[in-house]
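Written out below as structure tokens is the structure these notes cover.
The sequence lines fix the lettering, A, B, ..., with proteins before strands; numbering per chain opens at 1.
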2 protein chains.
Amino acid sequence: MSIRAVDELVKEFKKMPGIGLKTAQRLSFYILRISEQEADKLARAIMQVKEKVRYCSICGNITESDPCQICTDSRRDSQTICVVEEPKDILVIEKTGEYRGTYHVLMGAISPLDGIGPENLKIDSLIERVKSKGVKEVILATNPNAEGEATATYLSRLLKPLGIKVYRIARGLPVGSELEYADEVTVTKALEGKLEM
Amino acid sequence: MSIRAVDELVKEFKKMPGIGLKTAQRLSFYILRISEQEADKLARAIMQVKEKVRYCSICGNITESDPCQICTDSRRDSQTICVVEEPKDILVIEKTGEYRGTYHVLMGAISPLDGIGPENLKIDSLIERVKSKGVKEVILATNPNAEGEATATYLSRLLKPLGIKVYRIARGLPVGSELEYADEVTVTKALEGKLEM
């Protein structure tokens, strides 16, 4: 038994990250079970995101209005830029409520193995912003993995000659974790970044 | 930062079974990343399933044409009915390629705790089929858990007085598990080892 419409939906769900065949089938049977109204809401929500959501022309964040809420917020410190790899990283930092500067999204990280070089990232526009907007401080919040570290090192070499402060987010032990289970590189970084009490 | 269209999509994804907040956000960012054409394919596939897929008026299986492919297939043995809880269970049995009879979907199992009694299941139509269509054999393939066993016992008491053979799939399936997650070989063994009730 094979129903084309169901097979088609399973195929589409399977394209999503972290969704295998079994999960795609489970989700398809969920769609079969719900009302047409509910299915319509989901389909509409998908299309609305594509229709309404744009990238901010200043920072590259996702937004419904350009420039984005953060770039147009006069209470935010536009002289400080936090550089992240993806728009979703902004969500994580915003959730802390601790950061009052602006952002810049690179849209990835340098990864020679995946054929991604500096020319594929939004680096020119970052340098342009720093030069023309009186930016005083850049915090590099790329991921603490090989690609993110390489990207941070690369950016720091470009930014420091511009006479601004360049920071890297601290790498150390996650709060609530145990020393016993931490890897050596993390512990090394935690020791290097020790703070006086 | 909160973007209404994205929040809306996260909310819709979160309604799906086994999808939590983090996964819903990951899926939403996937939608943001793909092209409008690809998003449209997904949204369409969802609506197509709702528009095209119906339940077979004979067996209750999902189908694009009524009666379904299995019920209209003359090579299938219509004197043998395999009773399952959900349409997705048919997929699992069909994948073994070992079964040549027809099906009957109950649309659930007896579960007093969830307020589901025999009157909420497609039992009348099963009895009607058995009585009027010269059915000689019924294989009860409800799940090997408490609800499925109770349902099988209930059905067996109704069916045996009709003078037909009533079988229960073998407990080659791990007790407490669900048919949906069983592998093909196990399901094949379960069919081969069916026991008269």
Does Tyr103(A) share a hydrophobic cluster with Val92(A), counting links as ILVMFWY side-chain heavy atoms below 4.5 Å and allowing steps through other members? no

Between His104(B) and Val138(B), is a side chain to side chain contact (heavy atoms under 4.5 Å, CB included) present by the stated rule, with each step listed? CA-CA 10 Å; His104(B) 192 88; Val138(B) 170; over 6 Å; no

Looking only at Arg33(B), Arg4(B), Gln48(B), Gln25(B), the option with the highest number of non-hydrogen pairs under 4.5 Å against chain A is Arg4(B)

Can you name the closest pair of heavy atoms from Met107(B) and Pro87(B) and give their distance? CE-CG, 4.0 Å

Closest approach of Pro144(A) and Arg171(A), non-hydrogen atoms and distance? CB-CG, 3.8 Å

Heavy-atom count check: over 12 atoms from other residues, nucleotides or ligands less than 6.0 Å from Lys133(A) NZ? no

Just verifying a value: how many Å separate Glu137(A) CD and Gln79(A) CD, rounded to the nearest 0.5 Å? 10.0 Å

Within residues 116-128 of chain A, contacts to chain B at heavy-atom distances under 4.5 Å involve none

For the atom pair CG (Asn143(A)) and CD (Glu149(A)), what is the distance rounded to the nearest 0.5 Å? 9.5 Å

Co-membership, hydrophobic cluster, residues Phe29(A) and Ile31(A), 4.5 Å side-chain: yes

Under 4.5 Å between side-chain heavy atoms, hopping through other hydrophobics if needed: is there a path connecting Val135(A) to Val166(A)? yes

Tell me, out of Glu86(B), Glu8(B), Met47(B), who's got the most heavy-atom pairs with chain A below 4.5 Å. Met47(B)

Determine whether Val84(A) and Leu158(A) fall in the same hydrophobic cluster, where Ile, Leu, Val, Met, Phe, Trp and Tyr are linked whenever their side-chain heavy atoms lie under 4.5 Å apart. no

Correct closest heavy-atom pair for Gly148(B) and Thr142(B) would be O-OG1, 2.8 Å

Report, in residue-number order, which members of residues 50-59 of chain B are under 4.5 Å from chain A by heavy-atom distance. Lys50(B), Glu51(B), Lys52(B), Val53(B), Tyr55(B)

By residue number, those in residues 34-45 of chain B with heavy atoms under 4.5 Å from heavy atoms of chain A are Ile34(B), Ser35(B), Glu36(B), Glu38(B), Ala39(B), Asp40(B), Lys41(B), Leu42(B), Ala43(B), Ala45(B)

As an exercise, state the distance from CG of Asp66(A) to OG1 of Thr72(A), rounded to the nearest 0.5 Å. 9.5 Å

Which atoms of Lys88(A) are under 4.5 Å from chain B, going by heavy atoms: the side chain, the backbone, both sets, or neither? both

Hey, are Arg76(B) and Glu94(B) close enough for a salt bridge, meaning a charged N less than 4.0 Å from a carboxylate O? yes

Largest heavy-atom contact set with chain A, pairs under 4.5 Å, which of Leu27(B), Val6(B), Thr63(B): Leu27(B)

Taken to the nearest 0.5 Å, the spacing of Ile90(B) CD1 from Tyr99(B) OH works out to 9.5 Å

Contacts of residues 9-19 of chain B with chain A (heavy atom under 4.5 Å): Leu9(B), Glu12(B), Phe13(B), Lys15(B), Met16(B), Pro17(B), Gly18(B), Ile19(B)

Minimal non-hydrogen separation, Thr186(A) against Gly172(A), with atom names: CG2-O, 3.1 Å

Looking only at heavy atoms and a cut-off of under 4.5 Å, which of Ser28(B), Ala5(B), Ser65(B) has the most pairs with chain A? Ala5(B)

Find the distance between CG (Asp73(A)) and OG (Ser78(A)) and round it off to the nearest 0.5 Å. 10.5 Å

Taking every non-hydrogen atom, the tightest pair across Leu159(B) and Ile164(B): O-CG1, 3.6 Å

Let me confirm one number: the SG-CD1 distance from Cys82(A) to Ile169(A), rounded to the nearest 0.5 Å. 7.5 Å

Passing candidate, side-chain contact (heavy atoms from CB on, under 4.5 Å) with Thr151(B), options Leu140(B), Ile110(B), Val83(B): Ile110(B)

